[in-house]
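Please read the structure below before turning to the comments.
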There are 2 protein chains.
Amino acid sequence: MQPPERPRRRDCDSSKALPQVAKSSSIPGPTANRLGLILRELQHCQRSGQMTIRSGFLARRLGLSDSQIRRDLAQLGQLGKRGVGYDVIELIARLRNMLGTDGQWRTILVGLGNLGSALVGYRSFREQGFQLVAIYEADPTKTGQTIDGVPVLPIDSIEATLPKLNVDLAILAVPTEAATAVAERLYRLGIGGILNFAPVTLNQSPSTAIIDVDLAIEMQRLAFAVVNRQRSS
Amino acid sequence: MQPPERPRRRDCDSSKALPQVAKSSSIPGPTANRLGLILRELQHCQRSGQMTIRSGFLARRLGLSDSQIRRDLAQLGQLGKRGVGYDVIELIARLRNMLGTDGQWRTILVGLGNLGSALVGYRSFREQGFQLVAIYEADPTKTGQTIDGVPVLPIDSIEATLPKLNVDLAILAVPTEAATAVAERLYRLGIGGILNFAPVTLNQSPSTAIIDVDLAIEMQRLAFAVVNRQRSS
DNA sequence: TGCTGTGAAAGTCTTCACAGCG
DNA sequence: CGCTGTGAAGACTTTCACAGCA
């Protein structure tokens with residue numbers, strides 16, 4: 001019942017030069033972002049052995065309104081039981097499916113500096129289905145070893161080695177000066193998406209999704225929230 | 001400094017009889033988030049010696065529409081010159097003022113694990129006005145030293161030592177299990193805001209702003225963006 | 001000419017209010 | 001009864017289109 005319309009993304013798009021066909025997801029952008037938080041909270045509840053959950057509980061926990069939670073969850077189908085709430089297990093399964101994390105995503109890390117090293121072995125990555133299959137690094141004194149069973153390969157071998165690894169996603173944690181060039185190489189290798197930690201705007205690629213995590217900008221958002229006493233998404 | 005702000009939040013109701021006192025200095029949430037990206041791009045342009053900039057250029061760079069850029073910047077006043085564009089230096093100054101990063105924010109880091117260590121000395125923090133004044137850590141083998149001139153103090157001394165440090169913000173990089181309890185202690189100490197890296201929903205506090213950075217959720221957003229990017233090939 | 005600033009329109013998201021069902 | 005699902009209203013955001021000025 002949705003017309004083949006333009007993407008309704010709030011953050012990217014807007015370029016009429018893109019011949020972009022239809023967009024498959026019926027999920028509004030803001031909703032998708034909240035579903036991630038809801039999923040995390042549900043997994044927490046599951047670990048405490050809770051079997052069902054009500055919209056009002058999630059709402060209070062996450063600082064949202066109960067009607068908003070219900071609207072968000074209604075995107076997944078009619079999963080709630082009136083008078084009772086939602087089944088925690090079922091909701092988790094449905095959310096993971098919707099968010100695309102019910103399977104495994106083969107992932108590489110590029111850049112084994114301070115931040116990159118901290119990200120290796122970050123437990124939540126693996127728990128959510130992101131499997132680290134290789135690490136690429138420019139410094140030759142760091143390559144050759146394996147960390148947590150993951151091989152550290154020379155960045156210059158990436159064109160030769162990446163195609164065999166069948167990789168979906170890359171985590172980009174290289175120095176700012178190198179980020180743009182590395183991103184271009186990843187585009188050319190056909191990577192599906194990049195999580196970019198470098199504080200620089202990468203050129204856009206039609207076939208690669210990019211999510212930026214700029215820690216300085218997050219601090220700015222915090223400062224802004226303090227001054228404006230707002231809550232963030 | 002801002003006068004006491006009106007609560008223009010999008011979630012908690014608290015008072016439905018809000019007669020809407022229209023504080024003009026308050027900018028829309030989505031706009032505020034984009035202004036951070038715009039600022040970063042402007043600083044990049046400034047380093048290349050560019051003196052003026054047009055909305056269309058920023059738009060292409062950031063993947064937004066030019067009219068959106070103009071709307072966002074119009075929030076700061078009429079800073080553009082018709083037929084020319086915006087003065088880079090002036091715009092940066094105005095943006096930093098608006099986002100609250102024209103002064104210094106005294107900041108502590110709590111938790112000197114892998115991630116915390118990576119955050120110490122992260123250059124962009126200091127460049128954007130976030131000054132690290134102390135690090136708190138539970139492991140006694142790590143306390144007592146200084147890192148980059150910043151003292152590493154025992155977490156249990158925080159009630160005694162924090163008040164003297166005149167701190168505004170905290171970066172919370174402790175293990176998940178400890179995060180909630182540490183956050184409560186920070187609330188009680190009157191901290192203004194917390195940048196939370198623990199993958200857990202913190203209880204909310206009326207006087208402390210919270211920004212969450214959950215790296216697993218960012219990966220989920222990336223996966224979602226990949227799945228919902230319908231490319232012909 | 002070329003670009004900004006902005007009213008008005010279009011589009012999107014959130015909240016309200018209550019029907020509907022276990 | 002309690003809680004979900006949802007039409008309708010309202011609030012907010014983006015886009016369009018063009019006036020206005022350097």
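In the text below, chain A, chain B and the rest are named by the order of the sequence lines, each starting its count at 1.
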Would you write out the dot-bracket form of DNA chain C, 5' to 3', with Watson-Crick and G-U pairs under 3.5 Å, [ ] for crossing pairs, | for pairs to other strands and . for unpaired bases?
-> ||||||||||||||||||||||
For A:Ser67 and A:Ser65, indicate whether the former's side chain and the latter's backbone hold a donor-acceptor pair under 3.5 Å.
-> no
Between the protein and nucleotides 7-10 of chain D, which nitrogen or oxygen pairs are less than 3.5 angstrom apart?
residue : atom : partner : partner atom : Å
D:dG7   : N7   : A:Arg71 : NH2          : 3.2
D:dG7   : O6   : A:Arg71 : NH2          : 2.5
D:dA8   : N6   : A:Arg71 : NH2          : 2.8

First of A:Asp72 and B:Leu73 reached from the 5' end of DNA chain C, by closest nucleotide | B:Leu73
Which atom pairs link the protein and nucleotides 19-21 of chain D when you take only N or O atoms and keep those under 3.5 Å?
residue : atom : partner : partner atom : Å
D:dG20  : N3   : B:Arg82 : NH1          : 3.2

With side chains defined as the heavy atoms from C-beta onward, is the minimum distance between B:Ile108 and B:Val133 less than 4.5 Å?
-> yes
Could you give the distance from CD (B:Glu41) to CG (B:Leu58), rounded to the nearest 0.5 Å?
-> 6.5 Å
A:Met51 and A:Val88, any side-chain heavy atoms less than 4.5 Å apart = no
Gap separating the CD1 atom of A:Ile191 from the CG atom of A:Leu169, nearest 0.5 angstrom | 7.0 Å
Nearest-Å distance for atom pair CG/P, residues A:Leu79 and D:dT6 | 11 Å
B:Ser67, nearest nucleotide to its side chain (from C:dC3, C:dG5, D:dA17) = D:dA17
Under-4.0 Å side-chain N/O to phosphate OP1/OP2 contact, A:Tyr86 with D:dG5 = yes
Using a 4.5 Å cut-off on heavy atoms from C-beta on, say whether the side chain of B:Gln43 contacts that of B:Gln128.
-> yes
Whole Å only: how far is the CG atom of A:Asp66 from the P atom of D:dC3?
-> 10 Å
If we only count heavy atoms from C-beta on, is the B:Ile27 to A:Phe224 side-chain gap below 4.5 Å?
-> yes
Below 3.5 Å, can you tabulate the donor-acceptor pairs from side chains in residues 193-200 of chain A to any protein atom, sequence neighbours excluded?
residue  : atom : partner  : partner atom : Å
A:Asn196 : OD1  : A:Ala198 : N            : 2.9
A:Asn196 : ND2  : A:Ala198 : O            : 3.2
A:Asn196 : ND2  : A:Val200 : O            : 3.4
A:Asn196 : ND2  : A:Asp212 : OD1          : 2.7

From the list D:dT14, C:dT14, D:dT6, which nucleotide is the closest neighbour of the side chain of A:Pro30?
-> C:dT14
Starting at the 5' end of DNA chain C and moving along, which residue's nearest nucleotide shows up first, A:Val84 or A:Thr31?
-> A:Thr31
Acceptor/donor pairs from residues 71-80 of chain A side chains to any protein atom, 3.5 angstrom cut, sequence neighbours excluded:
residue : atom : partner : partner atom : Å
A:Asp72 : OD1  : A:Thr31 : OG1          : 3.1
A:Asp72 : OD1  : A:Arg34 : NH2          : 3.0
A:Asp72 : OD2  : A:Arg34 : NE           : 2.6
A:Asp72 : OD2  : A:Arg34 : NH2          : 3.4

N/O donor-acceptor pair under 3.5 Å between B:Glu218 side chain and A:Val213 backbone | no
For D:dT15, take OP1 and OP2 only and decide whether either is under 4.0 Å from a side-chain N or O of B:Ser65.
-> yes
Please report, rounded to the nearest Å, how far the P atom of D:dT14 is from the CD1 atom of B:Ile27.
-> 12 Å
Look at the side-chain N and O atoms of A:Gln78 and state whether any lies under 4.0 Å from the OP1 or OP2 oxygen of C:dC21.
-> no
List, one per line, each side-chain donor-acceptor pair under 3.5 Å for residues 93-101 of chain B, sequence neighbours excluded.
residue : atom : partner  : partner atom : Å
B:Arg94 : NH1  : B:Asn97  : OD1          : 3.2
B:Arg96 : NE   : B:Thr101 : O            : 3.1
B:Arg96 : NH2  : B:Thr101 : O            : 2.9
B:Asn97 : ND2  : B:Asp102 : OD2          : 2.9

Closest of D:dA17, D:dT14, D:dT6 to the B:Arg70 side chain is D:dA17
